[in-house]
**Q** 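One structure, pasted below without further comment.
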Amino acid sequence: MSTFTNRVYAMVCRVPHGRVVSYGGIAALLGHPRAARGVGQALHALPDGADVPWWRVVNRNGEISIRGAMPGPQLQRALLEGEGVEFGGNGRIDWRRFGWDGQWEGRA
DNA sequence: ATAATGACTGAAT
DNA sequence: AATTCAGCCATTA
């Protein structure tokens with residue numbers, strides 16, 4: 001795996017419990033503000049069993065961005081709800097409430 | 001090294 | 001506000 005991918009994983013691990021972040025957000029925090037897609041690719045290649053909370057990463061719309069047919073989108077949503085993240089009727093997450101800026105990592 | 005793909009985003013319609 | 005088009009990046013063939 002490349003250094004970039006490794007960095008993505010590290011950043012995703014920094015996302016606080018019960019909070020979500022966009023691909024572009026991760027990319028920006030890594031210093032690659034336009035590598036949102038690269039982040040997506042990195043998470044896509046993420047091996048099962050990895051201690052990386054990939055489910056805390058959603059698209060800019062605050063919605064599950066996974067196109068896969070199966071236990072992808074559904075699983076992610078379940079995991080997020082399990083952490084206290086609420087989904088709107090449209091299936092979107094209130095960014096103002098659960099959006100993570102990349103600062104305070106779980107402490108006010 | 002070139003071309004194609006994809007868990008993205010922002011601007012335009 | 002929702003949908004469509006084009007641009008960007010990293011990875012894989």
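In what follows, every chain begins at residue 1, and chains take the letters A, B, ... in the order their sequences are listed.
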**Q** Between L46(A) (CG) and dA10(C) (C1'), how many Å, whole number?
**A** 15 Å

**Q** Looking at every heavy atom in both W55(A) and Q76(A), which two are closest together, and how far apart are they?
**A**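 That closest heavy-atom pairing would be O-NE2, 2.8 Å.
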
**Q** Nearest to the R67(A) side chain among dC8(B), dT9(B), dA10(C), which nucleotide is it?
**A** dC8(B)

**Q** Starting at the 5' end of DNA chain B, which residue's closest nucleotide do you reach first, N61(A) or G38(A)?
**A**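 It is G38(A), whose closest nucleotide lies nearer the 5' terminus.
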
**Q** Are more than 12 heavy atoms from other residues, nucleotides or ligands located less than 6.0 Å from atom CD of Q74(A)?
**A** no

**Q** What are the two closest heavy atoms between V85(A) and R19(A), and how far apart are they?
**A**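 That closest heavy-atom pairing would be CG2-N, 4.3 Å.
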
**Q** Just how far, in rounded Å, is P of dC8(B) from CD1 of I64(A)?
**A**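 About 12 Å, once rounded to whole Å.
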
**Q** Please give, in whole Å, the distance from dA7(B) C1' to I66(A) CD1?
**A**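 About 5 Å, once rounded to whole Å.
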
**Q** What is the distance from CG of N90(A) to P of dA1(C), rounded to the nearest Å?
**A** 12 Å

**Q** For A45(A) and R34(A), take the nucleotide of DNA chain C holding the closest heavy atom to each; which residue's nucleotide lies nearer the 5' end?
**A** R34(A)

**Q** Taking the nucleotide of DNA chain C with the nearest heavy atom to each, does R37(A) or A42(A) sit closer to the 5' end?
**A** R37(A)

**Q** What nucleotide among dA7(B), dG10(B), dA10(C) has an atom nearest to a side-chain atom of R60(A)?
**A** dG10(B)

**Q** Is any side-chain heavy atom of R77(A) less than 4.5 Å from a side-chain heavy atom of E81(A)?
**A** yes

**Q** Which value, rounded to the nearest 0.5 Å, describes the distance between M1(A) atom CE and Y9(A) atom OH?
**A** 5.0 Å

**Q** Taking the minimum atom-to-atom distance to the side chain of A36(A), which one of dA7(B), dC8(B), dT5(B) wins?
**A**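 Of dA7(B), dC8(B), dT5(B), dC8(B) is nearest to the side chain of A36(A).
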
**Q** Need one value for R92(A): base, sugar-phosphate or nothing, where a base atom within 4.0 Å counts as base even if backbone is also close, heavy atoms only.
**A** sugar-phosphate

**Q** Rounded to the nearest Å, what distance is computed from the CG atom of residue L79(A) to the C1' atom of nucleotide dA7(B)?
**A** 14 Å

**Q** H32(A) NE2 to dC9(C) P: how many Å, rounded?
**A**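 Spelled out: NE2 on H32(A) to P on dC9(C) is 10 Å.
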
**Q** With a 4.0 Å limit, can you tell me whether S22(A) has a side-chain N or O closer than that to the phosphate oxygens OP1/OP2 of dT9(B)?
**A**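 Checking dT9(B) against S22(A), a side-chain N or O does come within under 4.0 Å of OP1 or OP2.
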
**Q** Quickly work out the W95(A) CH2 to dT9(B) C1' distance and round it to whole Å.
**A** 12 Å

**Q** Roughly, in whole Å, what's the span from CG in L80(A) to P in dA7(B)?
**A**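 So the two atoms are 18 Å apart, to the nearest Å.
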
**Q** How would you label the contact of F4(A) with the nucleic acid (heavy atoms, under 4.0 Å): base, sugar-phosphate, or nothing?
**A**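 Counting heavy atoms under 4.0 Å across all strands, the contact made by F4(A) is with sugar-phosphate only.
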
